[in-house]
Amino acid sequence: MTGPDGPHRASGSDGGDFRPAGGGSDLAREEEERAVEQALALVGGTTLRPSRGRDIPGTPGTPGTPRASGASGGDLSSGPTGNGQDRSASTDSASTDSAPVGGSPAGNGPSAGGPSGGARATAQASGSDQRPRPGRSSSEAPAPNAEPATPKAPPLSWDRARAVATRAGRTGPPATIRLPLDRALGHVLAEPLGALTDLPSFDTSAMDGWAVAGPGPWAYEAGAGLLAGRSPDTPLPDGTAVRIATGARVPPDTTAVIRSEHAHPDEAKGLLHARRSVVTGQDIRPRGQECRSGEQLVPAGTVVTPAVLGLAAAAGYDALPAVPRPRVDILVLGDELLAAGLPHDGLIRDALGPMLGPWLRALGAEVAGPVRLGDDAGALRDALASSDADLIVTTGGTASGPVDHVHPVLDALGAELLVDGVAVRPGHPMLLARLPAPGQMKGQPEGPYLVGLPGNPLAAVSGLLTLAEPLLAGVAGRPAQDAYRALVHAEVHGHPHDTRLVPVVHRAGRAGGRDHVAPLRYNGPAMLRGIAAADGLAVVPPGGVRSGTEVEILDLPWAPATPWTEGCFT
């Protein structure tokens, strides 16, 4: 085997020398290659099998093709007899080397088959004793000629994962329903809201006072005058005045409205005098001042707020075209979770069940109460297969532990994995999938989406904002959250390779300084103390940022009710 500085030699477990190909016997070369492959398996690498006239006995794969080793499904044979017994080289040097050969700690780097990787693997192969792998019997070893498992694709970058979730939510036009005004609050408009009439619909008085015509002084008659809701019968003659209330329709030919405090009625002579100069059109709201009939008032995708309801009513609407709220089911997984009381005996409180429902409602969803399933693959499969929600959110079980059932169940149901891991901390085991509709064949998913959140609370928040928020925005017809940047005051450490999401709170600039965000201290994957005080999350690129750097901010759907001070939170 040739490394960067020339040929390398590795001693086999039997003490013999393994020489590079091109010298020595075929058996020596075969054993050298086997030792290298076993060493690569220890560090999760792959190697290219040599293109030779025959394959190495007892080793699966095709000459000259890539072959995954170790945990990815390759067969580590005990010798040229190829009896299929699963063995691994358990060297001290391999166990102390923490980084994958030729790659990053996250396993996304170059293949171990490169020159430096091969040199290190050869060194680790020397002196290895071959013992059965702990926790697996020889009967469980893969068959000598079994197909290697497909290596898992590297996780998506944070930006790409959010883009995938956004596109998934906008795969089709949103449905439209008509809701009476008293039920439309919080929904999203499915169509632009156009005015059904001019606003105002006629010229109205902006103040309590006097409607006058022509130059003054003006003759008037005692009486209540013109009130809102009544239409004047005749035009106002030139040189006359009439009392008028705010909102009342002004008579035709009115020149202006004089506010009560700016007018002096001489009751003895029956004349009205102005205390200030009168400008034509003053304190009159002309017809169509706010909008003309047919003019767009608010665009589609607008969330119906109380103000939108008022505007719609003023413009003549009794019901609004709205997008149905996305329906969400929440499945809480984990036998270790308590629904009430203090943690005890290795059991912990479920923090996500109480948090996710209100959070998802704040994102515009209609949410059923959380269902606790424990670590039960059958119950999970039944719940997924029977759900009629638009989105299913699961908590925990997205990694590859002994009771992490989400991936196997999704595979069994024929779901399509759209995102399987994201290069973000916390929360990298999150996933996004599309389930088949009931009766649909595998490979044709048209059923609900599933967002699998990690079990750690802040990691779950990361998954909510990375995948669930943009997905729900698309399904509900909402516009995507506007990206903006803010200065961060304090150095924020980053992950070497992944994006970090760090809770922050906005601070007003002092002495003319710019507004900024301050990172909050309690930002570990299992912590909620920081996010409870936060009004946003800073998107910190790999490597971190220095104080005074601008970072992208993700707003939370609310602001803290209490104005947190620097205190212990920063």
Chemist: Does Ile258 reach the side chain of Val212, with side-chain heavy atoms less than 4.5 Å apart?
Modeler: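 Heavy-atom side-chain distance check passes, below 4.5 Å.
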Chemist: Where the side chain of Tyr522 meets the backbone of Ala532, is there a donor-acceptor pair that is under 3.5 Å apart?
Modeler: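 No, Tyr522 side chain to Ala532 backbone: no donor-acceptor pair under 3.5 Å.
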Chemist: Do the non-hydrogen side-chain atoms of Trp359 and Leu556 ever get within less than 4.5 Å of each other?
Modeler: yes
Chemist: What pairs with Arg478 under side chain to side chain contact (heavy atoms under 4.5 Å, CB included), at least two apart in sequence or on another chain?
Modeler: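 Here the qualifying residues are Val188, Val303, Ala473, Ala476.
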Chemist: Run the side-chain contact (heavy atoms from CB on, under 4.5 Å) test on Val328 and Asp390 for me, step by step, so that the C-alpha distance in whole Å, both residues' side-chain angles and the decisive distance to 0.1 Å come before the verdict.
Modeler: CA-CA 6 Å; Val328 180; Asp390 300 298; over 6 Å; no
Chemist: Any side-chain heavy atom of Leu537 within less than 4.5 Å of one from Ile553?
Modeler: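 Of all side-chain heavy-atom pairs linking Ile553 with Leu537, none is under 4.5 Å.
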Chemist: Would you say Gln282's side chain and Val279's backbone share a donor-acceptor pair under 3.5 angstrom?
Modeler: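 Yes, Gln282 side chain to Val279 backbone: donor-acceptor pair under 3.5 Å.
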Chemist: Just wondering, do Thr204 and Ile284 contact through their side chains at under 4.5 Å, heavy atoms?
Modeler: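 When only atoms from C-beta onward are counted, Thr204 and Ile284 do not touch, as no gap falls below 4.5 Å.
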Chemist: So if I apply the side chain to side chain contact (heavy atoms under 4.5 Å, CB included) rule between Leu465 and each of Val539, Leu363, Leu554, Val424, which one comes out positive?
Modeler: Leu554
Chemist: If I take atom CG from residue Leu297 and atom CG from residue Leu311, how far apart are they, to the nearest 0.5 angstrom?
Modeler: 5.0 Å
Chemist: Mark yes when over 12 heavy atoms from residues, nucleotides or ligands other than Arg276 sit less than 6.0 Å from its CZ; otherwise mark no.
Modeler: no
Chemist: Output side-chain donor-acceptor pairs under 3.5 Å for residues 365-376, partner residues at least two apart or in another chain, one line each.
Modeler:
unit_1	atom_1	unit_2	atom_2	d
Arg372	NE	Asp350	OD2	3.2
Arg372	NH2	Asp350	OD2	2.8
Asp375	OD2	Asp335	N	3.0
Asp376	OD1	Gly378	N	3.0
Asp376	OD1	Ala379	N	3.0

Chemist: Considering only NZ, NE, NH1 and NH2 on the basic side and carboxylate oxygens on the acidic side, decide whether Arg327 and Asp388 come within less than 4.0 Å.
Modeler: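 Yes.
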Chemist: Hey, does Thr398 have a side-chain heavy atom less than 4.5 Å from the side chain of Leu453?
Modeler: no
Chemist: Does Ser293 offer a backbone N or O that forms a donor-acceptor pair with the side chain of Asp198 under 3.5 Å?
Modeler: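 Yes; at least one donor-acceptor contact below 3.5 Å.
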Chemist: His506 and Asp515: side-chain contact (heavy atoms from CB on, under 4.5 Å), yes or no, with the steps?
Modeler: CA-CA 7 Å; His506 287 75; Asp515 293 351; over 6 Å; no
Chemist: Within 45 degrees of the axis of the six-membered ring of Tyr449 and under 6.0 Å from its centre: does Arg434 put its NZ or CZ there?
Modeler: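 So Arg434 does make the cation-pi contact.
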Chemist: Are any side-chain N or O atoms of Thr549 and backbone N or O atoms of Arg546, one a donor and one an acceptor, separated by less than 3.5 Å?
Modeler: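 Indeed, once roles are kept as given, a pair shorter than 3.5 Å links the two residues.
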Chemist: Under 3.5 Å, is there a donor-acceptor pair between the side chain of Thr166 and the main chain of Arg162?
Modeler: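 Answer holds: yes.
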Chemist: I need the single residue from Val492, Val545, Leu520, Val517 that forms a side chain to side chain contact (heavy atoms under 4.5 Å, CB included) with Val502. Which is it?
Modeler: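 The option that passes is Val492.
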Chemist: Should Val540 and Leu501 count as side-chain neighbours, where that means a heavy-atom distance under 4.5 Å?
Modeler: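 No, every pair of side-chain atoms sits at 4.5 Å or beyond.
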Chemist: Got a second to check how far Glu290's CD is from Leu199's CG, nearest 0.5 Å?
Modeler: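 The CD atom of Glu290 sits 5.0 Å away from the CG atom of Leu199.
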Chemist: Under a 3.5 Å threshold, yes or no: a donor from one side chain and an acceptor from the other, between Ser260 and Trp210?
Modeler: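 No, no side-chain donor-acceptor contact under 3.5 Å.
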Chemist: For a quick check under 3.5 Å, do Thr246 and Asp208 share a side-chain donor-acceptor pair by atom type?
Modeler: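 Judged by distance alone, the side chains do pair up.
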Chemist: Check for a donor-acceptor pair, side chain of Ser462 on one end and backbone N or O of Pro426 on the other, with a separation under 3.5 Å.
Modeler: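 Present.
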Chemist: Would you call Asp203 and Arg287 a salt bridge, taking side-chain N to carboxylate O under 4.0 Å as the test?
Modeler: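 Looking at Arg287 together with Asp203, the answer is no, because their closest N to O distance does not fall below 4.0 Å.
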Chemist: List the atom of Ile330, the atom of Gly357, and the distance in Å for their closest heavy-atom pair.
Modeler: CD1-N, 3.7 Å
Chemist: For Ala161 and Thr466, work out which heavy atoms get closest and say how close.
Modeler: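 Closest pair (atom of Ala161, atom of Thr466, distance): CB-CG2, 4.3 Å.
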Chemist: Ignoring hydrogens and angles, tell me if any N or O in the side chain of Thr254 forms a donor-acceptor pair with the backbone of Ala256 under 3.5 Å.
Modeler: no
Chemist: Do Arg285 and Pro200 come close enough that some side-chain heavy atom pair is under 4.5 Å?
Modeler: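 Yes, side chains in contact.
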Chemist: Would the number of heavy atoms belonging to other residues, nucleotides or ligands and lying under 6.0 Å from CZ of Arg183 be above 12?
Modeler: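 Not more than 12 within 6.0 Å, no.
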Chemist: Run Ile531 and Leu458 through side-chain contact (heavy atoms from CB on, under 4.5 Å) and show every step you take.
Modeler: CA-CA 8 Å; Ile531 196 68; Leu458 189 58; 4.0 Å; yes
Chemist: To the nearest 0.5 Å, how far apart are CG in Leu189 and CG in Leu193?
Modeler: 6.0 Å
Chemist: Rounded to the nearest 0.5 Å, what separates atom CG in Asp159 from atom OG1 in Thr499?
Modeler: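 That separation rounds to 6.5 Å.
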Chemist: Look at the side chain of Asn523 and the backbone N and O of Pro503, then say whether any donor-acceptor pair between them is shorter than 3.5 Å.
Modeler: no
Chemist: Charged N to carboxylate O under 4.0 angstrom, Arg259 versus Asp283?
Modeler: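 A salt bridge links Arg259 with Asp283.
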Chemist: Decide yes or no for Pro251 and Leu226: does some side-chain heavy atom of the first lie under 4.5 Å from some side-chain heavy atom of the second?
Modeler: yes
Chemist: Shortest non-hydrogen contact from Thr234 to Pro252?
Modeler: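 Residues Thr234 and Pro252, closest heavy atoms: O-CD, 4.0 Å.
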Chemist: To the nearest 0.5 Å, tell me how far Arg325 CZ sits from Leu472 CG.
Modeler: 12.5 Å
Chemist: Evaluate the criterion side-chain contact (heavy atoms from CB on, under 4.5 Å) for residue pair Tyr220 and Asp266; output intermediate values, then yes/no.
Modeler: CA-CA 10 Å; Tyr220 72 92; Asp266 184 344; 5.8 Å; no
Chemist: Where is the tightest heavy-atom contact between Ala312 and Leu320, given as atom of each residue plus distance?
Modeler: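 Answer, listing the atom of Ala312 first, then Leu320: CB-CD2, 3.8 Å.
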Chemist: Give the minimum heavy-atom separation between Ala245 and Ala228, together with the two atoms involved.
Modeler: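 Looking at all heavy atoms of both residues, the shortest contact is CB-N, 4.4 Å.
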Chemist: Using every non-hydrogen atom in the two residues, find where Ala190 and Thr176 come nearest and quote the distance to one decimal.
Modeler: CB-OG1, 3.5 Å
Chemist: From Leu347 CG over to Leu337 CG, what is the distance, rounded to the nearest 0.5 angstrom?
Modeler: 8.5 Å
